Amino acid sequence: MAKIIDGKAIARDIRNEIKVKVDELKAQGKQPGLAVVLVGEDPASQTYVRSKERACHEVGMYSEVYRLSAETTEEELLTMIDQLNANEKIHGILVQLPLPKHIEEKKVIDRINPGKDVDGFHPINVGDLFTDTARFVACTPRGCVELLDRMGVEIKGKKAVIVGRSNIVGKPVALLLLHRHATVTICHSRTQDLQKECLDADILVAAVGRPQMITADMVKEGAVVIDVGINRLADGRLVGDVDFESVKEKAGMVTPVPGGVGPMTIAMLLLNTLEACK
Ligand code: NDP
């Protein structure tokens with residue numbers, strides 16, 4: 001029976017540690033500030049933005065939230081980014097994705113000052129991740145590695161298999177684990193024998209977006225399984241990419257969904273903002 005990795009409790013510990021650091025900075029007359037920009041009325045994005053705003057307040061950070069109409073033009077959004085880049089109270093800027101179709105995401109992300117890019121999506125930070133010199137690493141990938149560290153999982157020399165090769169999760173997780181001296185395999189939709197690859201993993205990271213596709217017969221006895229997936233089933237239940245019930249009987253450790261990687265994403269956003277202020 002696997003140890004369940006309590007991402008909620010770990011994220012809470014991290015937020016408490018951040019709050020102590022924020023209080024220290026405030027005593028020196030500094031306060032980390034995060035600006036979140038939301039364009040349009042996508043309900044999931046609205047929920048994410050509200051949680052980010054709440055998390056900022058809880059740790060004593062300054063926050064500004066801009067809720068712009070779906071009709072906002074690209075030029076207007078770029079002008080707002082310029083203003084936030086110049087705003088001394090703001091150390092981190094996050095533009096909630098996805099953006100409406102008439103706005104080119106890349107153009108907007110490219111405009112954010114890389115020193116304020118707490119989402120870690122700016123090409124300079126993405127490029128620096130390649131050489132392990134990034135100022136900011138994307139929050140979800142960083143959260144995955146932080147979970148392993150906090151659980152005392154040795155990464156060096158281990159065989160890590162990442163299922164998913166997206167720019168925002170799969171690839172950055174793979175690079176982070178490689179920098180930590182894991183032997184890394186990245187799988188995707190064209191991988192020939194996914195089960196065979198997964199069965200090799202000491203550390204298995206699922207970032208696919210397919211409900212419960214990683215089943216116990218794909219997991220090595222005692223492996224550490226990190227489930228990044230967030231999928232809503234027809235009956236309204238939220239599940240990961242891992243079939244939690246069967247996998248927990250075989251894995252050594254496994255993250256639940258919800259309550260695993262999810263809470264870590266916001267904790268890492270706060271950590272990136274704290275580091276941006278320092
Ligand atoms: P993407 O859709 O961008 O990428 C999915 C990846 O999975 C692709 O590389 C795709 O391969 C691969 N894939 C799809 N089907 C299969 C298959 N049958 N076998 C093997 N590989 C497959 O998703 P994201 O990376 O953006 O997100 C992944 C999941 O993580 C989603 O559920 C998302 O909701 C969740 N997520 C959770 C976050 C959190 O805070 N916890 C944050 C971000 C995402 P190919 O490249 O060949 O198409």
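Both ligands and their constituent atoms are indexed starting at 1 by order of listing. In this text, all values refer to a predicted model and were calculated from it rather than measured experimentally.
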Write down, by chain and number, every protein residue that brings a non-hydrogen atom to less than 4.0 Å from an atom of ligand 1.
-> Thr140, Val163, Gly164, Arg165, Ser166, Ile168, Val169, His188, Ser189, Arg190, Leu194, Ala207, Val208, Gly209, Arg210, Met213, Val228, Gly229, Ile230, Asn231, Val261, Gly262, Thr265
Does Glu76 reach the main-chain N or O of Thr73 with its side chain, forming a donor-acceptor pair under 3.5 Å?
-> yes
Under 3.5 Å, side-chain donor or acceptor atoms of residues 168-179 against the rest of the protein: list the pairs with distances, not counting sequence neighbours.
from	atom 1	to	atom 2	distance (Å)
Lys171	NZ	Asn167	OD1	2.8
His179	NE2	Leu129	O	2.7

Excluding Leu38, membership of its hydrophobic cluster (Ile, Leu, Val, Met, Phe, Trp, Tyr; side-chain heavy atoms within less than 4.5 Å) reads Leu34, Val36, Val49, Val65, Leu94, Val118, Phe136, Leu269
Under 3.5 Å, is there a donor-acceptor pair between the side chain of Asp117 and the main chain of Ile112?
-> no
Which atom pairs, one a donor and one an acceptor, fall under 3.5 Å between side chains of residues 227-239 and the rest of the protein, sequence neighbours left out?
from	atom 1	to	atom 2	distance (Å)
Asp227	OD1	Gly229	N	3.1
Asp227	OD1	Asp241	N	2.8
Asp227	OD2	Asp241	N	3.2
Asp227	OD2	Val242	N	3.0
Asn231	ND2	Val239	O	3.3
Asn231	ND2	Gly240	O	3.0
Asn231	ND2	Asp241	OD1	2.9
Arg232	NH1	Gly236	O	2.8
Asp235	OD1	Arg237	N	2.9
Asp235	OD2	Arg237	NE	3.3

Short side-chain to backbone donor-acceptor contact, Lys159 and Asp202, under 3.5 Å = no
